[in-house]
Student: 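First the structure, which I've put down as structure tokens, then a few questions once you've had a look.
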Protein chains: 2
Amino acid sequence: MTLTELQYIVAAAQERHFGRAAERVFVTQPALSLAIKKLEEELGLTIFDRRQNRIELTAIGKQIVHQAQRVLEEAEQIKILATQGKDHLNGPLRLGVIATVGPYILPDLVPQLSARAPKMPLELEENLTLNLTGMLKNGKLDVIMIALPFDEPAIVTQALYDEPFKVLVPTGHPWQKKKLIDSRQLGSEKVLLPHAGHCFRQQVLDACPELSRSDAEGWQGNSLETIRQMVASGLGITVMPSSALTPKYDSARLVAISLAKPVPGRRIGLAWRRGFTRPRVIDTIRDAVHALKIPGLTMVTH
Amino acid sequence: MTLTELQYIVAAAQERHFGRAAERVFVTQPALSLAIKKLEEELGLTIFDRRQNRIELTAIGKQIVHQAQRVLEEAEQIKILATQGKDHLNGPLRLGVIATVGPYILPDLVPQLSARAPKMPLELEENLTLNLTGMLKNGKLDVIMIALPFDEPAIVTQALYDEPFKVLVPTGHPWQKKKLIDSRQLGSEKVLLPHAGHCFRQQVLDACPELSRSDAEGWQGNSLETIRQMVASGLGITVMPSSALTPKYDSARLVAISLAKPVPGRRIGLAWRRGFTRPRVIDTIRDAVHALKIPGLTMVTH
DNA sequence: TGCCACCATAAGTATATCTTATTGACAGAC
DNA sequence: GTCTGTCAATAAGATATACTTATGGTGGCA
């Protein structure tokens with residue numbers, strides 16, 4: 001039994017005429033005749049009572065044609081589902097964001113995404129790169145927003161933006177009036193950084209090797225916000241990405257100072273499984289990010 | 001989209017493994033892979049997220065597989081319908097019987113048939129051969145019980161029984177004591193016969209050519225029962241088939257006398273359209289008729 | 001009786017669909 | 001790091017299926 005055969009018997013039942021039915025389903029009359037005969041043989045019964053001039057349905061034939069219509073309707077539903085579901089921006093998106101990006105991007109990004117993809121509810125996960133990677137690989141997340149480079153098998157990435165790092169000092173700190181600081185100067189200060197699980201920590205250490213020596217004993221905060229509060233309390237200074245240093249973050253008690261060239265920074269991008277088949281989702285996230293008005297970020301265009 | 005493809009995705013969704021799914025549907029893994037890919041391409045989306053070690057359903061894939069199961073269930077219903085409906089003794093039978101047979105056979109035949117085919121309700125039509133033939137041809141009846149021979153295109157027949165004709169006279173008639181009457185003697189009597197629409201009339205005239213002369217002016221009754229009453233009232237004599245002359249029919253006022261050889265009679269049989277596909281129904285009617293205990297009938301066996 | 005309409009059948013061809021064999025990607029072990 | 005096993009994708013060829021055109025058979029109708 002095939003869907004084609006079912007189509008044929010439905011057409012024949014409606015037309016009461018093999019020739020016209022065949023025309024209706026765009027085959028020749030023998031093709032339709034044969035197919036119906038094949039189905040009748042498979043079912044072991046007669047669906048059509050072949051008469052001169054016209055054909056009639058047998059009692060059981062009526063029931064079978066009726067059921068065949070149901071089957072075809074249900075099959076049609078699959079196509080409808082497919083058409084609707086092909087809208088990549090329809091259906092939930094499970095998005096992971098690293099902890100040093102989430103708080104500063106998501107408040108602006110979420111409204112942007114909702115506007116662009118109203119039928120795509122977001123399930124957000126804020127975590128460390130390592131955990132996000134795991135969740136991405138085992139399918140718990142669809143897309144993650146992490147620092148590049150990010151080389152993993154079967155994972156595709158796309159850059160979003162670059163952001164420079166800056167030094168954050170409390171008001172009253174000797175460097176308060178400085179316009180530029182050389183990263184080598186940081187070695188002499190007590191620099192607070194997030195603990196080792198955060199990739200941001202490693203990025204800063206890579207960019208400012210001087211810190212690796214002095215930092216060994218320094219306290220390691222859990223989040224940039226904790227560290228920000230600690231800096232404000234005069235417990236030390238820190239390095240932060242630009243997105244965490246917009247004016248709305250406590251500009252009264254803290255001063256952000258740029259770093260001298262080569263300016264250390266990081267590149268943030270998206271990553272997804274190679275099998276992820278909603279490319280428009282990627283495009284939409286990228287567009288939404290590019291539409292953000294966060295000072296200091298340099299968008300990466302392709 | 002084919003039912004096979006739907007089976008494949010359902011199997012794959014359940015096994016979460018193409019190899020095992022393929023085994024389950026009795027094909028090789030590449031066949032299943034290809035078929036699923038073909039369906040995915042037709043629908044323009046991804047149903048399975050191919051991963052190392054296992055496969056996962058995409059969001060839309062889940063919906064599609066679910067719908068596919070519905071389709072397959074509905075399709076399965078067709079097979080169930082077919083199995084049930086293949087019981088030829090299931091479902092109504094529209095049976096036509098000629099007027100000179102019905103009253104004498106049906107009272108015994110109906111219970112016999114009901115016992116043999118309890119799920120086959122009878123829709124009975126008692127009429128003249130001509131009308132029954134029309135109804136059979138245009139599908140209003142399934143089987144008719146008529147006098148043979150009966151040659152019509154696309155109509156198949158089967159003999160059931162032979163029954164001799166007998167002469168019926170009122171008590172007090174000069175022939176009352178006769179054991180045997182020669183049909184040639186009938187020409188001298190007033191013989192009442194049903195009117196020209198009844199095939200029985202022609203059968204009698206064929207068997208007793210002498211009547212053709214005398215009968216021209218005679219009254220023609222509508223039914224054998226009317227004629228029987230008329231004979232009982234002394235208005236004439238008649239010829240009847242044996243089945244109409246069992247003792248329960250007014251044996252007090254009437255006497256039935258056999259005819260001499262060659263005994264005129266008729267053969268009763270079944271007729272159905274060549275396209276009628278319930279052979280067991282025919283067999284069952286024949287068996288039921290053969291089980292009747294009506295004196296004078298000679299069953300025809302094949 | 002001959003024509004017409006209709007479905008069945010026959011024969012040939014194209015197209016799907018399946019098979020076996022092989023490749024490629026990844027994961028885990030050593 | 002290389003080796004090995006697992007799993008799905010791909011390739012190539014065989015087979016089955018579904019279709020085509022052409023023809024045959026039956027019954028209705030004038």
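This structure is a prediction, so every number in the text was calculated from the model and none was measured.
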Student: Could you pull out the protein-nucleic contacts involving nucleotides 14-16 of chain D (nitrogen or oxygen on both sides, under 3.5 Å)?
Tutor:
none

Student: Among residues 34-46 of chain B, which residues get a heavy atom nearer than 4.0 Å to DNA chain D?
Tutor: B:Leu34, B:Lys37
Student: Between the opening five pairs and the closing five pairs of the helix from C:dT1-D:dA30 to C:dC30-D:dG1, how far apart are the helix axes, to 10°?
Tutor: 20°
Student: Looking at DNA chain D, which of residues 24-31 of chain B put a heavy atom within less than 4.0 Å of it?
Tutor: B:Gln29, B:Pro30
Student: At a heavy-atom distance below 4.0 Å, what parts of residues 5-14 of chain A sit against DNA chain C?
Tutor: none
Student: Using salt bridge (Lys or Arg N to Asp or Glu O under 4.0 Å) as the criterion, list what pairs up with B:Asp142, not counting sequence neighbours.
Tutor: B:Arg94
Student: With sequence neighbours left out, what residues match A:Val156 under side-chain contact (heavy atoms from CB on, under 4.5 Å)?
Tutor: A:Trp272, A:Arg274
Student: What side chain to side chain donor-acceptor pair (under 3.5 Å) pairs are there with at least one residue in residues 71-82 of chain A, not counting sequence neighbours?
Tutor: A:Glu74-B:Gln67, A:Glu74-B:Arg70
Student: Excluding sequence neighbours, so at least two apart, what forms ring-ring contact (aromatic ring centres under 6.0 Å, His included) with A:Phe200?
Tutor: A:Phe165
Student: Under the side chain to side chain donor-acceptor pair (under 3.5 Å) test, which residues partner B:Lys62, sequence neighbours left out?
Tutor: none
Student: A:Leu32 or B:Ser33: which one's nearest nucleotide on DNA chain D is closer to the 5' end?
Tutor: B:Ser33
Student: Which pairs, with at least one residue in residues 123-141 of chain B and sequence neighbours excluded, count as a salt bridge (Lys or Arg N to Asp or Glu O under 4.0 Å)?
Tutor: B:Lys137-B:Glu152
Student: How does each nucleotide of nucleotides 24-30 of chain D score, in 5' to 3' order, for protein heavy atoms under 4.0 Å: base (B), sugar-phosphate only (S), or none (-)?
Tutor: --SSS--
